[in-house]
Student: 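My questions all concern the structure below.
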Protein chains: 2
Amino acid sequence: MSSENIDTRTRILEATLKTLEESGGRGVRMGDIAKATGISRQALYLHFKSRTELLIAATHYRDDLLDIEGRLAPSRAAKTGVERLRLYIEFWGHFVPEIYSVGKALMSVEDTDKDAAAAWHDRMWAMRDGCRAVIDALHQDGALAEPWTRSKATEALWTMLLVPNWEHLTMECGWSTNQYIKWMTTLAQQSFVAREIIDSE
Amino acid sequence: MSSENIDTRTRILEATLKTLEESGGRGVRMGDIAKATGISRQALYLHFKSRTELLIAATHYRDDLLDIEGRLAPSRAAKTGVERLRLYIEFWGHFVPEIYSVGKALMSVEDTDKDAAAAWHDRMWAMRDGCRAVIDALHQDGALAEPWTRSKATEALWTMLLVPNWEHLTMECGWSTNQYIKWMTTLAQQSFVAREIIDSE
DNA sequence: GTGTCAATTGACACAGTGTCAAGTGACACG
DNA sequence: CGTGTCACTTGACACTGTGTCAATTGACAC
């Protein structure tokens, strides 16, 4: 682990992200990444034991660059549950486009690769934690709409925010990030916030 | 195209569906299908020019067995837009589980195979037509909620009903078909039906 | 000048798809 | 009875992409 070593590793990760972004996370081979890094395909295996491990490392690398904690701060500091919901969806709406390509690459080997499935699953459960916190905040305010239990509401919000929904609305339907955020926010408020509370805002 | 020929073709399609269902649409190889049919792998290529073509044929074969038109009749016969919305989601909620495995297999080669992508895309656009008809019916009744245009509402409903949402709620969260249908219906009504109309039902 | 270490080259195993050629076995038709 | 046809079989092989291995290079360090 000399500094040379770390440097090449970083260059690989940078090249991986760049290549994935250029291709929308589709059809990127080890040879492509090697070429983009400017090293031989085999050298990739000196740093990462498999394609999946490289993809996972690239995901973590990207996370580190993105200051997730800092971006989550506003929603965590929200004074009401409704505010927290709004800010969380706003965070998510800006976050997804930045992790989409790497995520897509990971998702598309999910079926054949246990490690990739587990890594993606982890991320999705972290997102679920955010959803749970939002729902808990609503519940604390007495603002969780009627038939919902906290766990069912968490699952429902979690589902609404799934990446394929974002993918479909933006890629297939051409919605902007702001349209996405606006609709998801409205939808979530209508679903999860008691009507008295919405009316009184 | 003798009757012998058709018979084997049918046996292949049956075996394909069975195999896909058993594996949830994941990791099914040509060899597996051949074995399940009781013929050699190469014989598959006498009937279908590629794996993708077989998957597509299996999708159509399944469609023919499922009487889609008959099942859609109730929603098409609905007297009001709200009724049509409800019945369409009910149709869809029962339909998805029956096409899920084949659909999954098709979706998972979508990224690498143009034909598979096109075939899946077609199905999704057929479903979109259903969504558009629902939204049009609401609009006709003057029941489409305020900020929505017909095309944006169609896209939104279309997205809500996407297969990955069903997959996530049932497979990951353990929801039943009825829970799925109930929630989707409520969600869609809250989103797309003007509040006066909901209140007056 | 010797050792170390990252990286290179080239060969190869493996899985899965798809192709090809030669052969088999049943059935039909003259 | 013999001949042709047709579905299917067997076995070999090309191709792509991942992952492994062994031998080699070239730089820097002591």
Side-chain angles (χ1 to χ4, degrees), chain A residues 1-16 19-20 23 25-58 102 104-119, chain B residues 1-16 19-20 23 25-58 102 104-119:
Chain A
M1 286 289 171
S2 74
S3 80
E4 274 303 320
N5 187 357
I6 287 166
D7 198 59
T8 302
R9 194 187 149 93
T10 306
R11 275 170 46 224
I12 294 171
L13 292 169
E14 293 280 1
T16 303
T19 312
L20 286 170
S23 73
R26 262 165 284 242
V28 171
R29 295 156 300 187
M30 290 300 264
D32 300 327
I33 294 170
K35 196 182 289 181
T37 313
I39 61 175
S40 67
R41 185 175 72 88
Q42 286 66 12
L44 294 178
Y45 291 97
L46 300 174
H47 296 272
F48 305 93
K49 89 175 207 302
S50 69
R51 183 173 183 276
T52 296
E53 199 179 282
L54 170 54
L55 290 177
I56 293 170
V102 206
K104 179 82 182 174
L106 223 40
M107 283 166 74
S108 66
V109 289
E110 219 181 347
D111 290 341
T112 50
D113 188 312
K114 279 188 85 133
D115 294 343
Chain B
M1 286 289 170
S2 73
S3 80
E4 274 302 320
N5 187 356
I6 287 166
D7 198 58
T8 302
R9 193 187 149 92
T10 307
R11 275 170 46 224
I12 294 171
L13 291 169
E14 293 280 1
T16 303
T19 311
L20 285 171
S23 73
R26 261 164 284 241
V28 171
R29 294 156 299 186
M30 290 301 264
D32 299 328
I33 294 170
K35 195 182 289 181
T37 314
I39 60 175
S40 67
R41 185 174 71 89
Q42 285 67 11
L44 294 178
Y45 291 98
L46 299 175
H47 297 271
F48 305 94
K49 90 174 208 301
S50 69
R51 184 173 182 276
T52 295
E53 200 179 281
L54 170 53
L55 291 177
I56 293 171
V102 205
K104 178 81 183 177
L106 223 39
M107 283 166 74
S108 67
V109 289
E110 220 181 348
D111 290 340
T112 49
D113 189 313
K114 279 188 86 131
D115 293 343

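Computed over heavy atoms, backbone and side chain alike; hydrogens, waters and symmetry mates excluded. Numbered from 1 within each chain, the chains take letters A, B, ... in sequence-line order.
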Student: Have a look at the helix from dG1(C)-dC30(D) to dG30(C)-dC1(D) and give the angle its two end axes make, five pairs each, rounded to 10 degrees.
Tutor: 20°
Student: Any idea which heavy atoms bring R11(B) and I39(B) closest together, and the distance?
Tutor: NH2-CG2, 3.9 Å
Student: What's the CG-P distance between D111(A) and dG16(C), to the nearest Å?
Tutor: 15 Å
Student: How many Å lie between CG on L54(B) and C1' on dT17(C), as a whole number?
Tutor: 13 Å
Student: Figure out the NZ/P separation between K35(B) and dT9(D), and round it to whole Å.
Tutor: 14 Å
Student: Using whole Å, what does the distance between atom P of nucleotide dG16(C) and atom CG of L44(B) come to?
Tutor: 15 Å
Student: Applying salt bridge (charged side-chain N to carboxylate O under 4.0 Å, His left out), name anything that partners D115(A), two or more places apart in sequence or on another chain.
Tutor: none
Student: In whole angstrom, give the distance that lies between atom CG of D7(A) and atom P of dA7(C).
Tutor: 9 Å
Student: What residues, two or more places apart in sequence or in another chain, satisfy side-chain hydrogen bond (donor to acceptor under 3.5 Å, both in side chains) together with T37(A)?
Tutor: none
Student: Only counting residues at least two apart or in another chain, list the ones meeting side-chain hydrogen bond (donor to acceptor under 3.5 Å, both in side chains) with E14(B).
Tutor: Y61(B)
Student: So, is H47(A) near the phosphate of dA7(C), with a side-chain N or O under 4.0 Å from OP1 or OP2?
Tutor: yes
Student: Holding to salt bridge (charged side-chain N to carboxylate O under 4.0 Å, His left out), I want the full list of residues that pass it with D32(A), two or more places apart in sequence or in another chain.
Tutor: R29(A)
Student: List in chain and number order the residues that pass side-chain contact (heavy atoms from CB on, under 4.5 Å) with S40(B), two or more places apart in sequence or in another chain; answer none if no residue qualifies.
Tutor: Q42(B), A43(B)
Student: Checking D113(B) now: which residues fulfil side-chain hydrogen bond (donor to acceptor under 3.5 Å, both in side chains) with it, not counting sequence neighbours?
Tutor: T52(B)
Student: Please give, in whole Å, the distance from dG16(C) C1' to I33(B) CD1?
Tutor: 13 Å
Student: Nucleotide by nucleotide, 5' to 3', does protein get under 4.0 Å of the base (B), only the sugar-phosphate (S), or neither (-) in nucleotides 13-19 of chain D, counting heavy atoms?
Tutor: ----SBB
Student: With sequence neighbours excluded, tell me which residues meet side-chain contact (heavy atoms from CB on, under 4.5 Å) with F48(B).
Tutor: R9(B), I12(B), L13(B), E53(B), L54(B), A57(B)
Student: Distance check needed: dT24(C) C1' versus I39(B) CD1, whole Å only.
Tutor: 16 Å
Student: Calculate the interatomic distance between I12(B) atom CD1 and dT9(D) atom C1'; express it in whole Å.
Tutor: 14 Å
Student: Do T16(B) and V28(B) come within less than 4.5 Å of each other through their side chains, counting heavy atoms only?
Tutor: no
Student: Within the structure, does a side-chain N or O atom of T8(B) lie under 4.0 Å from either OP1 or OP2 of dC8(D)?
Tutor: yes
